Amino acid sequence: MISDKVKDILNEQINKEFYSAYLYLAMSAFFDDKGLYGFANWTKVQAKEEVDHGMIIFDYMVDRDTKIQLKQIDVPENDFKSPVQVFEKILEHERYVTSSIEAIANLSLDECDLATRNFINWYLKEQVEEEKNATDIITKLKLFGDEKASLYLLNEELAKREYHKHEYD
Ligand code: OFO
């Protein structure tokens with residue numbers, strides 16, 4: 001059985017995942033407005049993956065017969081300046097999400113909830129990838145972003161990202 005503390009932190013995490021989807025969608029709209037369709041695509045695909053992350057926790061809680069309490073989703077930032085600034089915000093946000101996931105891992109251990117501790121491993125792995133993706137794009141933007149041709153090529157590269165439903169494995 002899931003303790004009240006673990007239940008509360010998982011409910012909060014569902015909210016954070018849906019907030020993440022909102023934030024990425026706001027970024028996608030910014031890029032779309034600037035005509036950077038590849039960047040808009042990349043962030044929109046990420047928004048869909050964030051919804052999957054929230055749904056995986058939702059389904060886990062249903063499986064464990066735990067009460068789900070959906071909370072209000074905050075309004076995301078909508079005012080961005082440049083591609084590199086957006087990706088720096090993405091990295092900062094993903095680091096924050098990583099610390100939330102680590103808090104779930106630690107709490108589930110404190111509560112002797114080994115099933116949740118095991119469940120959350122998938123997210124720990126996922127966060128390594130998400131921080132790396134943001135870091136890699138920041139590196140490219142800082143190296144070449146001032147040159148229009150390079151920005152064009154990166155935009156084309158990011159246009160290729162496809163959405164595949166994120167399954168828990
Ligand atoms: Fe961007 O990460 Fe979800 O968990």
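Remember, predicted model here, so these are calculated numbers, not experimental data. All ligand and atom numbering here is 1-based and tracks the order in the structure.
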Q.
I'd like to know if E88 pairs up with K142 as an ion pair, taking the criterion as any Lys NZ or Arg NE/NH1/NH2 lying under 4.0 Å from an Asp or Glu carboxylate oxygen.
A. yes
(Q) For a 4.5 angstrom cut-off between non-hydrogen side-chain atoms, does W122 reach I56? (A) yes
Q | Whether Q85 side chain and K81 backbone form a donor-acceptor pair below 3.5 Å | A | yes
Q | Polar side-chain atom of R161 near backbone of W42 as donor-acceptor pair, under 3.5 Å | A | yes
Q) By side chain to side chain donor-acceptor pair (under 3.5 Å), which residues pair with S82, not counting sequence neighbours? A) none
Q: Let me know which protein residues bring a heavy atom to under 4.0 Å of ligand 1; chain then number is fine for ordering.
A: E17, Q46, E50, H53, E94, V97, Y123, Q127, E130
Q: Could you tell me how the ring of Y60 sits relative to the ring of F119: parallel (under 30°), tilted (30 to 60°) or perpendicular (over 60°)?
A: parallel
